[in-house]
Amino acid sequence: NAGVTQTPKFQVLKTGQSMTLQCAQDMNHNSMYWYRQDPGMGLRLIYYSASEGTTDKGEVPNGYNVSRLNKREFSLRLESAAPSQTSVYFCASKKSGTLGGEKLFFGSGTQLSVL
Amino acid sequence: QQQVKQSPQSLIVQKGGISIINCAYENTAFDYFPWYQQFPGKGPALLIAIRPDVSEKKEGRFTISFNKSAKQFSLHIMDSQPGDSATYFCAASIQGGSEKLVFGKGTKLTVNP
């Protein structure tokens with residue numbers, strides 16, 4: 001069972017370049033999330049999708065866009081990368097609407113550097 | 001506004017000792033309190049979770065203590081082992097609400113042999 005798969009694992013961008021981080025889950029989960037992790041800042045929610053066809057802003061959405069392509073896939077796009085977006089990005093998923101379904105399953109992360 | 005405050009930021013414990021990490025929350029509507037464990041280069045993984053209808057939950061060497069009136073909860077790791085060295089995050093959410101987990105800033109635990 002692959003769980004949550006993120007690509008790429010590492011990426012270096014120049015300021016102003018664009019890129020899309022890909023995420024796919026094979027657990028038939030309804031909800032998907034994008035977090036960024038910075039030293040001393042914990043995990044901060046960028047965007048989430050409670051179900052296929054819906055997306056909502058999290059705590060730090062500026063500079064990002066997302067697409068819930070289908071139930072399996074949730075992508076994060078940086079249109080014009082800035083050094084402040086240097087971070088480790090995690091995709092996560094979970095069931096929703098059921099008792100005990102709150103467990104988040106995380107991918108292994110994408111380490112992004114913007115020069 | 002930081003909804004979940006976690007302390008300490010880092011913790012060094014000797015093998016066999018007790019590791020204690022504390023969290024405090026503000027929103028009294030929170031009703032689900034998980035702890036996540038993260039090893040270097042990996043994504044966080046659920047370690048243990050508690051709901052406010054109980055004051056304590058134990059799974060092996062890991063125990064969550066919950067104090068609803070003080071709006072605090074803590075993770076105790078008994079007989080800490082070098083393999084427990086990781087970053088630990090507390091979190092909180094409202095079941096059936098916006099489906100968003102709010103995380104603390106994390107505690108880096110080092111267990112020395």
Side-chain angles (χ1 to χ4, degrees), chain A residues 2-7 9-10 21 23 25 27 29-52 54-61 68 74 88-111, chain B residues 1-11 21-25 27 29-54 57 59 64 86-109:
Chain A
V4 179
T5 302
Q6 290 183 236
T7 56
K9 293 189 181 301
F10 302 94
L21 281 65
C23 176
Q25 51 90 11
M27 295 173 283
H29 286 168
N30 294 319
S31 302
M32 298 186 73
Y33 306 79
W34 277 104
Y35 286 89
R36 61 177 288 174
Q37 182 176 18
D38 303 289
M41 298 298 292
L43 291 155
R44 292 183 292 171
L45 183 64
I46 305 171
Y47 270 94
Y48 69 104
S49 171
S51 61
E52 186 178 356
T54 68
T55 60
D56 284 288
K57 295 179 180 179
E59 181 184 356
V60 288
R68 183 74 183 266
F74 188 39
V88 180
Y89 292 85
F90 287 100
C91 177
S93 71
K94 74 174 178 74
K95 289 183 182 179
S96 62
T98 58
L99 186 64
E102 297 87 353
K103 179 179 179 180
L104 270 179
F105 292 81
F106 283 85
S108 57
T110 295
Q111 188 169 328
Chain B
Q1 181 186 5
Q2 187 183 355
Q3 296 193 57
V4 179
K5 294 184 179 180
Q6 183 172 348
S7 63
Q9 191 172 4
S10 63
L11 180 63
I21 304 170
N22 300 298
C23 282
Y25 62 97
N27 189 345
F30 287 145
D31 60 0
Y32 175 68
F33 302 91
W35 285 88
Y36 280 77
Q37 180 187 54
Q38 183 184 30
F39 294 106
K42 304 291 186 182
L46 180 65
L47 180 65
I48 185 173
I50 196 168
R51 299 186 190 280
D53 53 343
V54 296
K57 183 174 182 179
E59 290 184 2
I64 300 179
T87 298
Y88 293 82
F89 294 95
C90 63
S93 71
I94 303 170
Q95 183 185 348
S98 60
E99 312 249 1
K100 295 184 292 184
L101 263 179
V102 179
F103 284 89
K105 293 189 175 182
T107 296
K108 184 177 182 180
L109 171 66

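Residue numbering restarts at 1 for every chain, and letters A, B, ... go by the order of the sequence lines.
- Relative orientation of the A:F74 and A:W34 rings is tilted, given thresholds of 30° and 60° on the angle between their planes.
- Annotation: B:Q9, atom CD; neighbour count of heavy atoms from other residues, nucleotides and ligands within 6.0 Å does not exceed 12.
- Using a 4.5 Å cut-off between heavy atoms, B:P44 contacts chain A through both its backbone and its side chain.
- The candidate from A:Q111, A:R44, A:M41, A:K9 with the greatest count of non-hydrogen atom pairs under 4.5 Å with chain B is A:M41.
- Within the 4.5 angstrom heavy-atom criterion, no atom of A:F105 approaches chain B.
- Residue B:Y36 forms a ring-ring contact (aromatic ring centres under 6.0 Å, His included) with just one option from B:F89, B:F103, B:Y88, and that option is B:F103.
- With a 4.5 angstrom heavy-atom cutoff, A:L43 touches chain B via backbone and side-chain atoms both.
- A donor-acceptor pair under 3.5 Å links the side-chain atoms of A:Q6 to the main chain of A:G109, judged by distance alone.
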